[in-house]
Amino acid sequence: MVTVAARSGFAFENTYAERLEGLYQPWQAAGAPEPRLLVLNEPLAAELGLDPGALRSPDGVAVLAGNAVPEGATPIAQAYSGHQFGGFSPRLGDGRALLLGEVIDVAGRRRDLHLKGSGRTPFARGADGKAAVGPMLREHVVGEAMHALGIPTTRALAVVATGEQVLRDAGLLPGAILTRVAASHLRVGTFQYAALQGDPELLRRLADYAIARHHPAAADAANPYLALFEAVLDAQAALVARWMLVGFIHGVMNTDNMTISGETIDYGPCAFLDAYDPATVYSSIDYAGRYAYGNQPAVAQWNLARFAEALLPLLADDRDAAVEAATALLSAFPARYDEAFADGMRQKLGLREWRDGDDELARDLLELLRAERVDLTSLFRALSSVARGDAAPARDLFVDRDLFDLWARRWLARLDAEGADRAGAAAAMDGVNPVYVPRNHLVEEALAAATGGDLEPVERLVDVLRRPFEERPGLERYAEPAPEAFGASYRTFCGT
Ligand code: AMP
Ligand code: MG
């Protein structure tokens with residue numbers, strides 16, 4: 001192993017490894033026989049204060065491929081449990097990933113650098129520890145899109161092809177390693193794992209660490225651990241509301257895929273809605289529709305109940321009192337979620353405030369979209385044209401245009417009622433209703449090309465998605481819904 005800190009520019013800290021012994025195992029990457037850099041996220045490198053040239057150099061690529069441990073890094077596989085599709089697995093952990101360490105970015109934020117697909121670890125449970133190019137590029141594409149949409153998310157610093165083939169249902173596929181950047185990799189499942197160890201001191205150490213790193217205001221509360229729970233609940237209510245407002249379906253909202261920071265993590269069988277329908281499921285492994293689009297808020301609340309259970313020993317000396325305090329907060333989740341969703345919907349509709357009757361106005365629109373299978377992204381973007389006096393782009397999305405006209409008249413009256421200047425409202429709406437989202441057919445097309453060796457479509461798609469609100473000539477096909485035939489049969493496969 002070589003050390004390359006000086007040349008690659010990494011300056012690692014390892015607070016997780018130092019403070020949370022018992023929640024990880026030190027481990028080394030398997031190494032990649034023929035590493036080749038497929039993607040380097042230059043804007044993110046700049047945020048991290050890293051030199052893109054150094055990262056692209058053989059020493060930099062060696063780090064990104066798991067072939068060299070940078071000076072100051074102590075790679076570890078993190079331990080966690082998780083409820084997967086409702087069933088509890090006490091020992092999941094990083095089966096194919098390693099935390100290299102933490103870097104402080106140019107804004108002073110602590111960020112994890114994590115290799116995914118870097119080989120088997122003690123948590124691999126018989127699986128190969130590897131990842132394929134397609135799913136790792138999906139994390140990159142969707143992560144950049146979410147970031148540009150202003151939605152908290154982990155992001156890819158790099159994707160490196162390993163030169164190995166990995167065996168999946170689809171056959172032999174080119175292998176890859178993703179370097180993931182996250183506010184942290186603390187998950188609800190991390191707390192479930194700590195709680196299971198039967199060591200209250202370990203659980204407390206983890207909670208104190210999470211408070212200090214993500215929710216420092218909780219430290220000053222009368223009950224810091226209850227305040228931690230509430231802060232995570234608020235962060236998740238806000239996050240899932242943001243997903244719902246753009247039509248994002250995570251696809252595998254297991255408790256090990258829910259962060260304490262409030263970032264979206266693990267883009268496996270994720271997808272974006274075309275036609276608006278709350279029952280939509282794209283994941284090939286979600287047979288019961290547990291993680292359907294419309295179920296996501298309820299699943300978030302269910303996962304938070306599991307988080308509360310793990311925290312119980314810290315919430316009060318008396319178990320009944322702890323349950324009561326957690327239940328009171330948990331039952332506030334739907335209201336917090338509704339508030340976050342309404343605030344986003346208010347902006348999508350160009351309104352300055354949310355008044356009585358606005359819930360109904362929004363619900364009626366969504367019901368209309370559902371009944372007519374209208375494309376969610378196209379419709380909201382077209383509403384600003386309606387405000388500018390050209391209804392056609394929106395009403396043409398409906399079969400029964402009269403129904404839309406009736407709704408639009410109500411909405412315009414509502415806009416006028418708050419004395420809004422319609423042009424100003426339209427401009428504000430264009431800043432929150434994207435033209436471009438990672439539509440499933442575009443993502444699949446780009447990933448298929450990349451798997452075949454052509455990275456250009458992925459690069460072009462990421463470039464489009466990085467400016468989602470700015471309509472640009474020549475990019476019309478990126479704004480269009482999937483051809484009907486694609487949408488009807490679309491399934492995404494778990495990102496393994
Ligand atoms: P995920 O569905 O990607 O969130 O992963 C769930 C669990 O399975 C985690 O513990 C992963 O580390 C583990 N896992 C997924 N794929 C692999 C693989 N190819 N090799 C080893 N572990 C894996
Ligand atoms: Mg996961």
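Note that ligands are numbered from 1 as they come in the structure, with each ligand's atoms numbered from 1 the same way.
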Please work out which of the three classes, parallel, tilted or perpendicular, describes the rings of Tyr293 and Tyr276, given edges at 30° and 60°. perpendicular
Take the angle between the ring planes of Trp243 and His250 and call it parallel below 30°, perpendicular above 60°, tilted in between. parallel
Please work out, at 4.0 Å between heavy atoms, whether the side chain, the backbone, both, or neither of [X] comes within that distance of ligand 1.
X: Asn257; value: side chain
X: Tyr80; value: side chain
X: Lys130; value: backbone
X: Asp128; value: both

Residue [X] vicinity, atoms of ligand 1 by number, heavy atom under 4.0 Å:
X: Asp94; value: 12 (O)
X: Gln84; value: 6 (C)
X: Arg125; value: 7 (C), 8 (O), 10 (O), 13 (C)

Polar contact flag, side-chain donor to acceptor under 3.5 angstrom, [X]-[Y]:
X: Thr255; Y: Gln192; result: yes
X: Asn14; Y: Thr74; result: yes
X: Tyr490; Y: Glu444; result: yes
X: Tyr225; Y: Asp208; result: yes
X: Tyr24; Y: Asp94; result: no

Shortest-distance N, O or S atom of Asp266 relative to the Mg ion (ligand 2): OD2
Taking the six-membered ring of Tyr80, is NZ or CZ of Arg187 closer than 6.0 Å to its centre and within 45° of its axis? yes
Quick check: does [X] get an N/O under 3.5 Å from an N/O on ligand 1?
X: Phe123; result: no
X: Gly93; result: yes
X: Val252; result: no

Is there side-chain contact between Pro43 and His147, with at least one heavy-atom pair below 4.5 Å? no
Please examine the side chains of Leu48 and Val106, heavy atoms only from C-beta on, and report whether any two atoms are closer than 4.5 Å. no
Below 4.0 Å from any atom of ligand 1, is there a heavy atom belonging to Ala97? no
Report yes or no: does a heavy atom of Arg120 sit under 4.0 Å from some atom of ligand 1? no
Hey, is the Mg ion (ligand 2) within less than 2.8 Å of some N/O/S atom on Asn257? yes
Nearest heavy atom to atom 14 (N) of ligand 1: which of Gln78, Arg96, Lys116 does it belong to? Arg96
Of Gly119, Gly251, Gly95, the residue with the heavy atom nearest atom 22 (N) of ligand 1 is Gly95
